[in-house]
Amino acid sequence: MKEGTKSGRWANNPLQNGYAKHGDKMPHDEYVKWQRECLTEAMRLINEDGAIFYNHKWRVQGGLLQDRADIMEGFPVRQIIIWRRAGGFNFNPGYFVPTYEVIYLITKPKFKLVKGANGHGDVWEFNQEMKNPHPAAFPVALIERIISSTDAQVVLDPFMGSGTTAVAAKKLGRHFIGIELAPEYIEIAEQRLNGVEPQHKVRQSKMF
Ligand SMILES: C[S@@+](CC[C@H](N)C(=O)[O-])C[C@H]1O[C@@H](n2cnc3c(N)ncnc32)[C@H](O)[C@@H]1O
């Protein structure tokens, strides 16, 4: 997720205008409260062996790093995964160009990775998605890495955008539930999903 900003790294980014139906201009305290409510609901939904992979950019605002500790406080964060991606333009001479995003692995106590997945390091390198009209689409390979590292049979993405999570889940033969505010992004998601052939058979459902 992201918040609106008019300064720093993102000043000239297309995301400056927000998403199609969501301006992202929420005051910081309100935003933190909202995100914590979303995470609390997600924790309520998952099983005792479930997990949340929560992606959030860190950013500099007013000259200080916002590392999202205020959102994360009190949630059972087991690990931080760094998604290393290409940098962009940095118009601010006060800090280096950001080249990574953070994925918080928030888990219930019995969560385990599938056999072999713990061999991946905690720094993942995936190029950004360039062809997707959504302004903040994930690369499919990143989400495939996440889903295939778990045995989750139902994957929920409450901020689905152009449907990348659904595309990856369908490819891997998992069930998915997506929630998205903007009808135009849902349309993109549906079009993308129509072009996906599952590589694995869908198995029995289990909430993740
Ligand atoms: C970071 S983008 C997700 C992009 C997605 N991962 C993809 O690959 O396309 C966040 C999305 O959340 C949506 N959004 C914002 N507020 C929302 C809300 N209250 N309910 C559902 N979706 C919302 C925005 O429209 C935007 O598409």
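Side chains included, hydrogens not; waters and symmetry mates left out as well; all remaining heavy atoms used. Both counts, for ligands and for their atoms, begin at 1 and track the order of listing.
- Atoms of ligand 1 lying under 4.0 Å from at least one heavy atom of Pro158, given by number and element, are 21 (C), 22 (N).
- Val140 belongs to a hydrophobic cluster whose remaining members, ordered by chain and number, are Met160, Val167, Phe176, Leu193, Val196; membership requires side-chain heavy atoms of ILVMFWY residues under 4.5 Å apart, directly or through intermediates.
- Considering backbone and side-chain N/O atoms, Ser162 comes within less than 3.5 Å of an N/O atom of ligand 1.
- When the side chain to side chain contact (heavy atoms under 4.5 Å, CB included) test is applied to Arg36, the partners found at least two apart in sequence or on another chain are Val32, Ile71, Glu73, Phe75.
- In terms of polar-atom proximity, defined here as any N/O pair under 3.5 Å, Ala136 makes no such contact with ligand 1.
- Between Trp83 and Phe138, the two ring planes are perpendicular [angle over 60°; tilted spans 30° to 60°].
- Checking only distances, Glu180 does come within under 3.5 Å of ligand 1, N or O to N or O.
- Between atom 7 (C) of ligand 1 and the options Asn55, Ile186, Thr164, Thr165, the minimum heavy-atom separation is to Thr164.
- At least one N/O-N/O distance between Phe138 and ligand 1 falls below 3.5 Å.
- Only the backbone of Met160 comes within contact range of ligand 1, with a heavy atom under 4.0 Å; no side-chain atom does.
- Taking distance alone, with nitrogen or oxygen atoms compared against 3.5 Å, Arg192 stays at or beyond that limit from ligand 1.
- In Glu187, the CD atom is not crowded: 12 or fewer heavy atoms of neighbouring residues, nucleotides or ligands sit closer than 6.0 Å.
- Below 30°, between 30° and 60°, or above 60°: for Tyr31 and His28 the angle between ring planes is between 30° and 60°, a tilted geometry.
- Inclusion of Trp34 in the set of residues having an N or O under 3.5 Å from an N or O of ligand 1 is not warranted.
- The ring of Tyr95 has its center no closer than 6.0 angstrom to the ring center of Trp58.
- Ring geometry, Tyr54 versus Tyr104: the interplanar angle falls from 30° to 60°, so the pair is classed tilted.
- Near Tyr185, with a cut-off below 4.0 Å to any heavy atom, the atoms of ligand 1 are 25 (O), 27 (O).
- A salt bridge does not link Glu30 to Lys33: none of the charged side-chain nitrogens sits closer than 4.0 Å to a carboxylate oxygen.
- Atoms of ligand 1 lying under 4.0 Å from any heavy atom of Ala137, numbered from 1 in the order shown and given with element: 7 (C), 8 (O), 9 (O).
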